[in-house]
Undergrad: 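Input: one structure, supplied below.
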There are 2 protein chains.
Amino acid sequence: MTVHSSEARAGRASADPDRAAKRERILDAAERVFAQRGFYAAKVADIAREAGVADGTIYLYFKNKDDLLICLFESRMERVIQILGDAVAGATGPRAQLRAFVAAYLTLIADQPTAAEVLTIELRQSTKFMREYSPQRFGELLRILATVIAAGQATGDFTDQVPAPHAARMIFGMLDEMALAWLLGRAPRRRGQKPASPLATGRERGKMPAPHGTDFDISRAADWVAALVTTGLERRSPA
Amino acid sequence: MTVHSSEARAGRASADPDRAAKRERILDAAERVFAQRGFYAAKVADIAREAGVADGTIYLYFKNKDDLLICLFESRMERVIQILGDAVAGATGPRAQLRAFVAAYLTLIADQPTAAEVLTIELRQSTKFMREYSPQRFGELLRILATVIAAGQATGDFTDQVPAPHAARMIFGMLDEMALAWLLGRAPRRRGQKPASPLATGRERGKMPAPHGTDFDISRAADWVAALVTTGLERRSPA
DNA sequence: CCTGACTGAATGACCGTTCATTCATCGGAG
DNA sequence: CTCCGATGAATGAACGGTCATTCAGTCAGG
């Protein structure tokens with residue numbers, strides 16, 4: 001399908017650019033389906049339908065369902081790291097860089113909620129695996145942050161009470177939790193199908209509108225995170 | 001179908017205490033198996049064997065596999081909340097209470113790594129579901145923390161730049177991430193069986209000893225978290 | 001004997017994966 | 001330019017393996 005004018009040329013030419021596009025179509029579909037149903041509940045057939053291809057076609061592009069998840073992770077994570085790296089590079093001085101990182105991360109979540117949902121929620125279904133499987137990507141993200149902090153410690157802007165790598169981990173934890181809270185607090189489910197949750201196979205409980213009433217402006221979260229990270233909770237000077 | 005937990009009473013004399021004990025045996029077994037294999041990869045038969053009962057027996061105590069996970073969650077989470085509540089109650093003043101909470105949480109992780117693994121890692125396999133399903137328990141935990149913070153804000157010990165509930169979330173995120181890092185950084189796998197990870201069905205990569213070389217004294221983590229939370233990264237006074 | 005807790009082999013549904021087949025496209029021969 | 005066989009991407013029905021769940025028995029205690 002599609003292949004109109006362009007590809008023509010040198011015989012097999014259609015293979016490369018077209019192939020990549022279809023691969024991307026499948027990844028996009030997988031992203032949507034995983035986000036909606038969760039990895040384990042997502043059927044390969046669902047993804048195929050969503051991508052508009054046959055079940056078997058998926059196996060021409062990916063080794064198996066696991067491979068699909070891994071490739072999706074790699075693809076999206078690369079994008080994330082790119083953006084965060086740019087954000088940091090675009091700021092000057094540890095404080096500004098730290099703030100830029102935080103803001104960029106949360107903006108990313110807000111802008112790409114579907115991708116974020118997969119990275120933040122569904123991939124956790126195999127966090128243990130993912131972090132064992134591709135510590136690089138995830139470590140890369142932490143390293144960007146740790147580098148900023150270490151730099152700040154070197155210049156004396158930041159205290160060195162907390163080792164930079166651990167500080168980075170904690171900050172990531174804060175961001176991750178805020179992202180999670182925000183993602184779960186949005187309009188609950190999308191389409192008509194079964195309510196997605198991997199476990200909900202059994203009964204269907206009346207879906208509560210939002211987990212706790214958790215629903216907030218995520219851009220404000222950046223300020224909260226930045227405030228907590230830089231100045232902490234304690235009042236600086238007595239009242 | 002199946003009994004509703006507490007109903008029994010009258011009927012069989014031995015029924016109640018005995019029954020509860022066996023139920024607990026199954027829960028313990030499930031905890032171990034889930035921690036080792038992950039929820040989806042864990043077979044009901046594995047849990048039965050681990051508990052020393054027949055497959056069918058599990059269904060005399062739990063409605064189904066999902067129910068088993070839910071009950072496990074409820075059981076362990078109750079314990080956690082109890083302990084954290086006590087820790088806070090045992091300290092005086094917002095700062096001390098905050099520190100007590102942090103220390104108690106991480107101590108819990110260190111003392112009960114198996115339970116922690118289930119709550120922190122494997123339950124995440126269905127975070128979306130769990131948090132939708134039982135927001136109470138999880139919210140309870142956050143509320144303990146938020147209450148401490150709000151109290152501190154009221155007394156003027158803490159800044160109110162960050163709304164207490166969100167501050168609580170962020171702190172929990174930090175703790176969670178540190179717990180995760182520590183749990184994943186320990187001696188990788190236990191028994192002989194397949195390497196547990198739900199996804200690793202495919203190839204088997206030479207298991208790296210530890211994700212990044214992440215391995216640290218978790219009790220020290222309490223200090224880091226407390227430091228970051230209370231005073232932040234920025235140096236208080238110029239160098 | 002009853003009773004009912006317990007057993008574990010048997011059942012059946014479900015889904016990832018395969019593969020025989022289809023068909024659009026292409027290049028060379030006439 | 002047209003025709004023809006080759007090519008391999010795409011298809012989707014069917015396969016096979018894996019478990020969760022069931023239930024017809026077993027048996028110990030009363």
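Numbers restart at 1 for each chain; the letters A, B, ... are given by sequence-line order, proteins then strands.
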Undergrad: To the nearest angstrom, how far is B/Ile58 atom CD1 from D/dC19 atom P?
TA: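 The distance from CD1 of B/Ile58 to P of D/dC19 comes to 15 Å, rounded to the nearest Å.
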Undergrad: Whole-Å distance between D/dG8 C1' and A/Arg19 CZ?
TA: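 In whole Å, D/dG8 C1' lies 11 Å from A/Arg19 CZ.
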Undergrad: Give a yes or no on whether a salt bridge exists between A/Arg137 and A/Glu140, defined as a side-chain N under 4.0 angstrom from a carboxylate O.
TA: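 The answer is yes: the pair qualifies as a salt bridge.
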Undergrad: So, OP1 or OP2 of C/dC6: does either fall under 4.0 Å of a side-chain N or O from B/Lys22?
TA: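 Checking C/dC6 against B/Lys22, a side-chain N or O does come within under 4.0 Å of OP1 or OP2.
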Undergrad: Closest approach of B/Ala221 and B/Leu106, non-hydrogen atoms and distance?
TA: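 Scanning both residues completely, I find the closest heavy atoms to be C-CD1, 3.8 Å.
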Undergrad: Which nucleotide wins on minimum distance to the side chain of A/Asp55, given the candidates C/dC15, C/dG8, D/dG12?
TA: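 Among C/dC15, C/dG8, D/dG12, the one nearest the side chain of A/Asp55 is D/dG12.
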Undergrad: Mind calculating the distance between CD1 (A/Ile47) and P (C/dT17) to the nearest angstrom?
TA: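 One finds 11 Å between P of C/dT17 and CD1 of A/Ile47, rounded.
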Undergrad: Side chain of B/Leu60 only, please: which of D/dT11, C/dG16, C/dC6 is the nearest?
TA: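 Closest of the options to the side chain of B/Leu60: C/dC6.
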Undergrad: Provide, to the nearest angstrom, the distance between the CG atom belonging to B/Asn64 and the P atom belonging to D/dT22.
TA: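 Rounding to the nearest Å, CG of B/Asn64 and P of D/dT22 are 9 Å apart.
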Undergrad: Among the candidates D/dG12, C/dG8, C/dT17, find the nucleotide nearest to the side-chain atoms of A/Val44.
TA: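 Comparing D/dG12, C/dG8, C/dT17 against the side chain of A/Val44, the answer is C/dT17.
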Undergrad: Measure from OH on B/Tyr40 to P on C/dC14 and round the result to the nearest Å.
TA: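 Going from B/Tyr40 (OH) to C/dC14 (P), I get 16 Å.
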Undergrad: Considering only D/dA20, D/dT11, C/dT17, which nucleotide approaches the side chain of A/Val53 most closely?
TA: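 Selected nucleotide (nearest to the side chain): D/dT11.
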Undergrad: Grab the NZ-P distance between B/Lys65 and D/dT18 for me, whole Å please.
TA: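 That distance rounds to 15 Å.
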Undergrad: Please give, in whole Å, the distance from C/dC6 P to B/Tyr59 OH?
TA: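 Answer to the nearest Å: 16 Å.
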Undergrad: Determine: side-chain N/O of B/Tyr61 to OP1/OP2 of C/dC6, distance under 4.0 Å, yes or no.
TA: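 Answer is yes, contact under 4.0 Å.
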Undergrad: Just how far, in rounded Å, is P of C/dG16 from NZ of A/Lys63?
TA: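 To the nearest whole Å, that distance equals 16 Å.
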Undergrad: Name the closest nucleotide to the B/Ala54 side chain, picking from C/dG8, C/dG16, D/dC19.
TA: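 For the B/Ala54 side chain, the nearest candidate turns out to be C/dG8.
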Undergrad: Let me spell it out: for each of A/Ala45 and B/Gly52, pick the nucleotide of DNA chain C with the closest heavy atom. Which residue's pick is nearer the 5' end?
TA: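 It is B/Gly52 whose nearest nucleotide is closer to the 5' end.
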Undergrad: I'd like to know if B/Arg76 and B/Asp28 make a salt bridge, using a cut-off of under 4.0 Å between side-chain N and carboxylate O.
TA: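 Yes, charged N to carboxylate O under 4.0 Å.
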Undergrad: Please determine if a side-chain N or O atom of B/Thr57 lies less than 4.0 Å away from the OP1 or OP2 oxygen of C/dT7.
TA: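 So the side chain of B/Thr57 is within the cut-off, an N or O lying under 4.0 Å from OP1 or OP2 of C/dT7.
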Undergrad: Using 4.0 Å as the upper bound for N to carboxylate O, is an ion pair formed by B/Glu50 and B/Arg25?
TA: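 No, B/Arg25 and B/Glu50 are not salt-bridged.
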Undergrad: Taking the six-membered ring of B/Tyr59, is NZ or CZ of B/Lys65 closer than 6.0 Å to its centre and within 45° of its axis?
TA: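 No.
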